[in-house]
**Q** 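Below are the structure tokens for one structure; questions will follow.
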Amino acid sequence: MGPGNAVEGTPIPGKAGEVLNLNVALARVQGDSKLLAELAEVFLQEYPSLLCEAQDSLLSRDHVRFERAAHTLKGRVAFFGIDAICKQALALEMMGRTKDLTDAPRTLAEIETQMKGIIPELELLTQEQMA
Amino acid sequence: MRILIADDDAFYRHSLRKALERWGYEVIMASDGNEALSMLFGPNPPSLTILDWIMPGRDGIDVCRRVRERKGDHYAYLVLVTAKGEKKDVIAGLEAGADDYLIKPFDFEELRVRLQSGQRIIGLHSALAMKQRELSYRATHDSLTGIWNRSAILDIVDREAARAKRLNKPLCLALADIDHFKTINDTYGHVAGDNVLIQVALRMQASIRRHDAVGRYGGEEFVVVMPGFKRRHAFRLAERLRKRVAEVPYEVSKAQVNVTVSQGVAIDMGAGSIEPLLRAADEALYRAKSRGRNCIEFSRAAAPEGRDIYLLQANQKAHGDMR
């Protein structure tokens, strides 16, 4: 996808019905699709370890680590305009901060499911730039 | 311009680095607050820092506060970036010392113009700091010769006298006056006279030790401050100065002119007061002039109540053979 092909405001639906709004991200980088693809690649590379960090810290009931992982996830999904997951990540961050992790496993599992639908779109973005 | 990106999130570090390099900035990176602080306090600090608020170890707010507590010539322009977007957060960030505040995820175009704004401020600050240094130099240095001016050299004498008193060490002071300077001026003109003053000052400057000081007292008179010197060493240095000034003729208006100085030297053995020291050196200088010039006279130093006076050999002098 390049700036010339983007239709302003048109989101790309993910498999789980989540919305990935790459136009938002593209606008954020001044239409630089190459830069956006590089950042998508970094996101994809780091996502598995970030998810692991959130899951490990939840298992070990480490509120501080969990809050930080949620905070990081929130920032990254916000960059790509994934607003719904951003809100959920914010909720997780608050759970870590208030040390109430009761609902955290469910919310984290929801995020993981939704991300499974988003990831292929981001992978497509990186592949389009390599082509 | 050198920019520091301080963010524990590798994604944001990468994205910022890519963008900044495309805009022509030199980029360095830190992944936590302590690392950022050590770079900001290091020998070659960045001009501008993009600082994440929430970081491990030390957060961005604390970095801002620490940077602002430290005074110095270098101004660190700080841009705080965070997902915290409420008014109270913005206020807290700016109060802590941030110059600007960006809410994540930020727009790169907005970042670009804010960095330009920061560059303008940094440019103004650099110009101001340079002007201050220039003014400070002019306030303490003689505009003709470049050595210490009268008030600066007297400050140095005052300081060294206090130190000598505290440490119970001697302080040596010489007053040096160019011989027949009026004749040089009248014969060759004031421009030539100025050139002689400059050359004499340079030669004297080149003859002293690193922790000595030479300043222009007024007209054709110079003060040389020699901390820690006893009589024998003071004589050697004064003699070195005398020879250095006299050894090579001066080019003056296409003529070769011999220039000499007379010196009056006084040593204070820990009294801590500069007026008697200057007076004693002045009296000795007068005797040097009376004895034929191009020579060195020593005097005793004044001493306060009850202190032992260090009495030097009267009439101790040396004549040069370039007259």
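In the text below, chain A, chain B and the rest are named by the order of the sequence lines, each starting its count at 1.
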**Q** Using a cut-off of 6.0 Å, state whether more than 12 heavy atoms not belonging to B:Met130 lie near its atom CE.
**A** no

**Q** Flag the pair B:Lys18 and A:Glu41 as a salt bridge only when some basic side-chain nitrogen lies within less than 4.0 angstrom of an acidic carboxylate oxygen.
**A** no

**Q** How many angstroms lie between NE2 in A:His71 and OG1 in B:Thr82, if you round to the nearest 0.5 Å?
**A** 6.0 Å

**Q** Measure the shortest side-chain to side-chain distance between B:Phe108 and A:Leu35 over non-hydrogen atoms and say whether it is less than 4.5 angstrom.
**A** yes

**Q** Among the options B:Glu110, B:Arg22, B:Lys104, pick out the one with the most heavy-atom pairs lying under 4.5 Å from chain A.
**A** B:Arg22

**Q** Highest number of heavy-atom pairs under 4.5 Å with chain B: which of A:Glu46, A:Gln45, A:Arg68?
**A** A:Arg68

**Q** May I ask you to name which of A:Gly75, A:Cys86, A:Ala25 has the most heavy-atom pairs under 4.5 Å with chain B?
**A** A:Gly75

**Q** Centres of the A:Tyr47 and B:Phe11 rings: under 6.0 Å?
**A** no

**Q** Hey, which of A:Val29, A:Val24, A:Leu90, A:Val64 has the most heavy atom pairs under 4.5 Å with chain B?
**A** A:Val29

**Q** Judged by atom type as modelled, is there a donor-acceptor pair below 3.5 Å linking the side chain of B:Tyr12 to the main-chain atoms of A:Thr72?
**A** no

**Q** For B:His14 and A:Glu38: C-alpha separation, side-chain torsions, deciding distance, then whether side-chain contact (heavy atoms from CB on, under 4.5 Å) applies.
**A** CA-CA 9 Å; B:His14 183 94; A:Glu38 282 178 28; 4.0 Å; yes

**Q** With a 4.5 angstrom heavy-atom cut-off, is it the side chain or the backbone of B:Phe106 that approaches chain A, or both, or neither?
**A** backbone

**Q** Any idea which heavy atoms bring B:Ala83 and A:Lys74 closest together, and the distance?
**A** CB-NZ, 3.6 Å

**Q** Once you round to the nearest 0.5 Å, how far does CG of A:Leu50 lie from CG of B:Asp9?
**A** 8.0 Å

